[in-house]
Participant: 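Have a look at this one before I ask anything.
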Amino acid sequence: MQFRSTRSKLPLVSYKDAVLNCLPADGGLYVPDQAADFRQFLLQMDEKTSFNELIAAAAPLLLESGLDSVSASRVAKNAFNFKPELIELDEGFSLLNLYNGPTGVFKDFSIAFMSAMFEEFIKEGGKRSRTKAPLLVLAAAKPDTGVSMAHAFGGKEGISLVLLYPSGQLRGLDPSAFAQNGGNIIPIQVRGTFDDCQRLVIEAINDRDFSVPYNVTSANTMNPGRLLPQIFYYFYAFIQLKNRLTGDLIFSVPSGNFGNLTAGLYAWKFGMPVNGFISAMNANNANNAIGSCIYGEPFIPKPLVHTNSPALDVSMPVNYERLASFYDEAPAVMRNMVYPASIDDPLTLETMEYIYKKYSAYIDPHTAVAVAAARKIADERKWSGNTYTVVLATGHPARSPNMAEEATGKAIKVPGSLKKLWKKCEPIALIPPVLDAFESAIASCF
Ligand SMILES: *Cc1c(COP(=O)(O)O)cnc(C)c1O
């Protein structure tokens, strides 16, 4: 599979180049140039196929030209000691639980795969000349993704991970894994916002005097290597269900930066038969701008509004250009493929309560937004009883124990592995939001 920039047709790059030099020079984002064809593969797999078998067979197809099939299978094996879980709550309604990874969010899947893939690339002989580091991975981090990345990259030989946090957000990391203690994690705190962190990562990648000698890439979703592994769990849900489907198949996806939704669209483009995606957003926030845009209006980001599903509070989604590239290709098809819906905070809580009362299951607020959105769209469109809906459960319900209790009236048990994630810690450096300071802080670790 070759990749092109969202902004120009040429030149195409290989999978390996696209993930190791993750930003095209024209300021766009990498997207697959042609669709990989997984149809034969999906025909052969069924509900007896385990997630690991699926990955071992699908990864070589995805990484084609990036890695040979032996290495690709090794990536698959090293990446996952957890798996998605399809829980059928009712006839035609399942949750795809994606929160069984080490930090309780679906992002564990793509981050684990990506770190195993980088490790394999390094074993193969590194990226370019080995001047400073075999591979320096930069990431703008929020508390959850930071922990997930530190978990996946910690101790990986030849890789250093720089986590760039906005003020006051460091928590859940293990200081013994930090560079000053002999580890490979470099947490840096910026006197600024998450947007400053994202901007600094992009500026550092584009500063070739820095990024070439340090072999810099990013672990944020701007990297297509973060995005594409997410198609695996859509495939997994599909093969679990395919012999039972009697009508349409719909996925409902809580959408913040639209990585998960975009990955679903790739799964479809790569041959997975699916009838639609519900793009579930929370209310009043700028995400709705995407909803209007899907219906043909220009995309004008709105100011951010904070809600009780914070991972969906995004005003300018990172994957906007990737999503837009689907619409540029086939706008009419897309209008019948993606259904945006917006759910407010009170309905989010009510939905958590509804699911608990009806099925004795806890769901987290992001998942609740997707459940409510699915019910709303099915209602509006009068979808028939044989439509099968899979809701992506993106977060562990015990990550927001107070809301779980408020919604259900019963306290939820918080696993020890999640409790650890709340412990505050100190960065290696505290810097102003300027590139020089960022680069010097990194250089001081080598
Ligand atoms: C990140 C996140 C989302 C949003 O996913 P995107 O791919 O950014 O749209 C949804 N739910 C949870 C729990 C998350 O952590």
Side-chain angles (χ1 to χ4, degrees), residues 29 84 95-114 139-149 151 169 172 194 198 219-234 251-267 277-282 285-291 294 304 307-323 326 338 340-343 348 351-352 362-374 391-401 403-404 418 421:
L29 292 172
L95 293 179
L96 181 62
N97 284 354
L98 299 174
Y99 53 67
N100 295 323
T103 69
V105 284
F106 77 95
K107 296 177 180 79
D108 284 334
F109 280 93
S110 55
I111 291 169
F113 187 84
M114 181 180 216
K142 291 184 178 170
D144 297 334
T145 37
V147 176
S148 185
M149 287 174 185
H151 204 278
Q169 296 212 359
F194 183 72
Q198 237 162 353
N220 290 123
T221 39
M222 64 178 96
N223 194 324
R226 243 312 272 295
L227 193 76
L228 290 178
Q230 298 185 77
I231 67 176
F232 297 142
Y233 49 70
Y234 284 97
F251 284 95
S252 184
V253 188
S255 302
N257 274 312
F258 287 79
N260 226 350
L261 182 76
T262 307
L265 291 172
Y266 282 118
F277 293 90
I278 292 164
S279 169
M281 293 169 276
N282 55 26
N285 88 45
N287 275 335
N288 295 340
I290 286 257
I294 285 170
L304 193 96
T307 72
N308 59 23
S309 43
L312 313 186
D313 299 343
V314 177
S315 95
M316 181 60 221
V318 176
N319 287 292
Y320 170 70
E321 280 196 33
R322 290 192 174 112
L323 198 59
F326 278 92
V338 179
S342 206
I343 302 302
T348 305
T351 307
M352 291 167 73
Y362 286 104
I363 53 173
D364 95 314
H366 306 86
T367 308
V369 167
V371 170
V391 172
L392 268 53
T394 48
H396 195 298
R399 285 171 67 250
S400 21
M403 273 193 70
L418 294 184
L421 307 182

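One-based numbering, in listed order, for ligands and for the atoms of each. Excluded from the calculations below are hydrogen atoms, water molecules and symmetry mates; all remaining heavy atoms, backbone and side chain alike, are included.
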Participant: Under the rule for ring pair (Phe, Tyr, Trp, His ring centres under 6.0 Å), what residues qualify as partners of Phe326, not counting sequence neighbours?
Facilitator: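 So Phe326 forms a ring pair (Phe, Tyr, Trp, His ring centres under 6.0 Å) with Tyr266.
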
Participant: Would you check if there is a donor-acceptor pair between the side chains of Arg226 and Thr221 at a distance under 3.5 Å?
Facilitator: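 There is no such pair (donor and acceptor under 3.5 Å, judged by atom type) between the side chains of Thr221 and Arg226.
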
Participant: Are Thr394 and Asn260 close enough, and set up right, to give a side-chain contact (heavy atoms from CB on, under 4.5 Å), and what steps lead you there?
Facilitator: CA-CA 9 Å; Thr394 48; Asn260 226 350; 3.7 Å; yes

Participant: When you check the side-chain N and O atoms of Asp108 and Ser148, is any donor under 3.5 Å from an acceptor?
Facilitator: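 Yes, Ser148 and Asp108 have a side-chain donor paired with an acceptor closer than 3.5 Å.
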
Participant: Does Phe109 have its ring centroid less than 6.0 Å away from the ring centroid of Tyr233?
Facilitator: yes

Participant: Show the distances, to 0.1 Å, for all pairs joining an N/O atom of ligand 1 and a protein N/O atom that are shorter than 3.5 Å, listing one pair per line.
Facilitator:
from	atom 1	to	atom 2	distance (Å)
ligand 1	7 (O)	Gly259	N	3.1
ligand 1	7 (O)	Asn260	N	2.9
ligand 1	8 (O)	Asn257	N	2.8
ligand 1	9 (O)	Gly256	N	2.7
ligand 1	9 (O)	Asn257	N	3.2
ligand 1	9 (O)	Phe258	N	2.9
ligand 1	11 (N)	Thr394	OG1	2.8
ligand 1	15 (O)	Lys107	NZ	2.5

Participant: Please check this pair: side chain of Ser252 against backbone of Ala370, looking for a donor-acceptor N/O pair closer than 3.5 Å.
Facilitator: yes

